[in-house]
Structure formats: C-alpha cells, structure tokens
Amino acid sequence: VQTAEAQTAEVQTAKVQTAKVQVAVFENFKCPNCKNFEQQVFPQLKTNYIDTNKIVYSFRSLLFLGEDATTAAEAAQCVFQQKPELFWPYAEIVFRAQQAENLAWATPGYLTEIAENVPGVNRDNLRKCIDDRSAREIVAADNALGRRIGVTGTPTVFVNGLKLTSYNYDTVAQAIDAALE
C-alpha cells in the first residue's frame with residue numbers, strides 16, 4: 001500500500017515521462033513580476049494548455065528578496081504536501097496578498113492566516129510544517145537547480161528545457177506550440 005504522497009509522486013512521474021511538453025517556471029512569492037505573471041499569464045496557460053493536458057507545468061522557487069520569501073515558498077510546499085490539488089489555490093492567495101517586496105510580510109502567522117481562504121487546508125498542520133521547516137529541502141533544491149542552470153531573475157520560464165527570453169503569454173504560447181508540433 002502506497003502513501004498518498006507516494007501515489008501522487010508516481011502519477012506526476014508518469015505524466016512527466018509521457019508528456020511531450022514540460023513547462024517549468026521559476027518564481028518568488030515576493031516578486032511583483034511573478035504576481036503579474038500569475039494573474040495575467042498563468043490563467044491563460046491553465047485554460048489553453050494545462051487543463052487540456054497538453055503540458056506538464058511545474059512551479060519552482062528561486063529565493064531572494066528576504067528570508068520571508070523562503071518562508072512563503074516553504075508554506076506553499078507545505079500546502080502541496082497536505083493536498084497537492086490545493087497548491088495552486090494557495091499560491092494564488094499568496095500572490096494576491098503580496099505586499100511591497102522590501103517589507104517582511106510573509107511571516108508564518110500571516111501565511112497561515114491567509115490559508116483560511118483556501119478550503120481544505122489544515123491551518124494547524126500548515127503552521128506546524130512552516131515552523132518545523134519540513135519543506136526546506138524541497139525549496140532549497142528548487143533554488144539550487146535554478147542557480148545551477150543560470151536563472152537570475154523571476155519569473156523565468158523554460159519550455160522543454162529551453163529558457164525563454166520573455167515571460168509574456170504570446171512568447172510562452174509560441175514556444176509551447178512549437179514544442180507540440
């Protein structure tokens with residue numbers, strides 16, 4: 001008998017192995033450009049490519065803009081560990097709650113509090129996970145990968161390993177369409 005986490009990982013691995021197009025986006029929850037990407041570009045990608053199973057899309061954290069950017073990334077991973085399907089609604093809430101990048105707003109208390117806007121998130125478990133830093137290794141691995149492959153800012157979009165020069169919808173969609181052909 002597999003744990004739910006192991007089953008989810010197995011399904012994701014199977015999708016990754018069979019998907020023709022992989023899209024990975026390095027982001028930071030305190031980055032204003034990432035907030036814009038999540039509000040303007042991601043919904044179109046979701047409708048046109050993710051929901052139609054044309055691509056496998058992954059969020060990767062690139063850490064800068066203060067220690068609380070790490071806390072926000074770890075909180076999102078904590079939500080993913082609870083219920084993978086709640087990651088995107090929680091990420092949307094965090095981006096919506098974003099404050100000025102020079103403020104230390106992404107505190108454990110605030111990140112737990114805003115989770116009340118995502119039905120199904122166990123806030124007690126979220127706070128424990130944040131406090132225990134249970135997702136630290138996953139977030140650190142994303143950050144290390146980004147640094148290793150030359151990601152210097154966010155958002156940075158890769159389509160099948162090709163780093164795009166722009167993150168606007170048209171550029172990303174053209175790269176996806178080309179990869180689908």
Side-chain angles (χ1 to χ4, degrees), residues 23-47 50-51 57-158 163-173:
V23 177
V25 182
F26 285 83
E27 295 189 73
N28 185 302
F29 284 108
K30 291 188 64 178
C31 166
N33 290 330
C34 295
K35 178 179 182 176
N36 182 57
F37 180 85
E38 286 298 320
Q39 292 177 337
Q40 304 300 318
V41 178
F42 178 75
Q44 294 176 77
L45 293 175
K46 185 174 181 327
T47 298
I50 299 169
D51 291 347
Y57 186 95
S58 62
F59 179 106
R60 304 288 181 170
S61 294
L62 190 71
L63 305 175
F64 62 101
L65 296 174
E67 183 60 31
D68 62 323
T70 301
T71 305
E74 290 176 7
Q77 278 300 321
C78 288
V79 169
F80 181 83
Q81 290 172 1
Q82 277 188 34
K83 292 184 180 175
E85 67 275 13
L86 296 180
F87 175 85
W88 292 112
Y90 183 74
E92 180 181 347
I93 292 297
V94 175
F95 277 117
R96 231 188 279 157
Q98 186 185 89
Q99 298 172 27
E101 64 186 74
N102 62 337
L103 296 176
W105 59 267
T107 64
Y110 187 65
L111 293 164
T112 302
E113 179 185 320
I114 64 174
E116 72 185 16
N117 297 299
V118 183
V121 173
N122 181 312
R123 290 174 49 200
D124 291 336
N125 289 347
L126 173 58
R127 181 58 189 253
K128 182 179 180 338
C129 181
I130 294 169
D131 289 344
D132 292 347
R133 302 208 57 206
S134 300
R136 172 183 24 202
E137 290 179 17
I138 294 166
V139 171
D142 278 356
N143 188 60
L145 172 63
R147 302 287 183 202
R148 192 169 54 252
I149 62 176
V151 177
T152 57
T154 57
T156 298
V157 181
F158 288 84
K163 182 178 176 182
L164 303 185
T165 57
S166 172
Y167 59 83
N168 69 50
Y169 178 77
D170 291 337
T171 301
V172 177

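As a basis for the values below, the full set of heavy atoms in this structure was taken, side chains included, without hydrogen atoms, waters or symmetry mates.
Contact record, T156 with F158: CG2-CE1, 3.7 Å, taken as the closest heavy-atom pair. Scanning both residues, P155 and C34, for their nearest heavy atoms gives N-SG, 3.6 Å. Shortest non-hydrogen contact noted between D68 and A106 is OD2-N, 2.9 Å. Looking at every heavy atom in both residues, L126 comes nearest to Q82 through N-NE2, 3.3 Å. Residue P108 comes nearest to I130 through the heavy atom pair CB-CG2, 3.7 Å, listed as atom of the first residue, atom of the second, then distance. Across W105 and A100, no two heavy atoms sit closer than the pair CD1-O, 3.5 Å.
The side-chain heavy atoms of Q40 and Y167, taken from C-beta on, include no pair separated by under 4.5 Å. A 4.5 Å side-chain heavy-atom check between F26 and I149 finds at least one atom pair inside the cut-off. Taking the side chain as every heavy atom from C-beta outward, F37 and L45 approach each other to under 4.5 Å. Looking at heavy atoms from C-beta onward, L111 lies in side-chain contact with Y90 at the 4.5 angstrom threshold.
Interatomic distance, OG of S61 versus CG of L63, reported as 6.0 Å (0.5 Å rounding). Within the model, atoms CD of E113 and OG1 of T107 stand 8.5 Å from one another, a figure rounded to the nearest 0.5 Å. Interatomic distance, CD of E27 versus CZ of R60, reported as 12.5 Å (0.5 Å rounding). To the nearest 0.5 Å, atom CD of residue Q81 and atom CZ of residue F87 are 11.5 Å apart. In this structure, the separation between CD on E74 and CD on E137 is 10.5 Å, given to the nearest 0.5 Å. To the nearest 0.5 Å, the span separating OG1 on T70 from NZ on K30 amounts to 9.5 Å.
Ring-centre distance between F29 and F59: below the 6.0 Å cut-off.
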So Y110 and Q99, side-chain contact (heavy atoms from CB on, under 4.5 Å) or not? Walk me through it. CA-CA 12 Å; Y110 187 65; Q99 298 172 27; 3.8 Å; yes
Between I93 and R96, is a side-chain contact (heavy atoms from CB on, under 4.5 Å) present by the stated rule, with each step listed? CA-CA 5 Å; I93 292 297; R96 231 188 279 157; 3.9 Å; yes
Between E92 and Q39, does the side-chain contact (heavy atoms from CB on, under 4.5 Å) criterion hold? Intermediate values first, please. CA-CA 8 Å; E92 180 181 347; Q39 292 177 337; over 6 Å; no
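For the side-chain contact (heavy atoms from CB on, under 4.5 Å) with F42, the lone residue among V172, I50, V25 that qualifies is I50.
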Would you list the atom pairs, donor with acceptor, under 3.5 Å between side chains in residues 116-123 and any protein atom, with sequence neighbours excluded?
unit_1, atom_1, unit_2, atom_2, d
E116, OE1, R123, NH1, 3.3
N117, ND2, I114, O, 3.1
N122, OD1, D124, N, 3.0
N122, OD1, N125, N, 2.8
R123, NE, T112, O, 3.3

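Formation of a donor-acceptor pair under 3.5 Å by the Q77 side chain with backbone atoms of A73 is not found in this model. Panel note: side chain S166, backbone N168; a donor-acceptor pair is recorded below 3.5 Å. In this structure, N143 contributes its side chain and L62 its backbone to no donor-acceptor pair below 3.5 Å. Side-chain atoms of K46 do not come within 3.5 Å of backbone N or O of V41 as any donor-acceptor pair.
For residues 80-91, the set of pairs meeting the salt bridge (charged side-chain N to carboxylate O under 4.0 Å, His left out) definition, not counting sequence neighbours, is empty.
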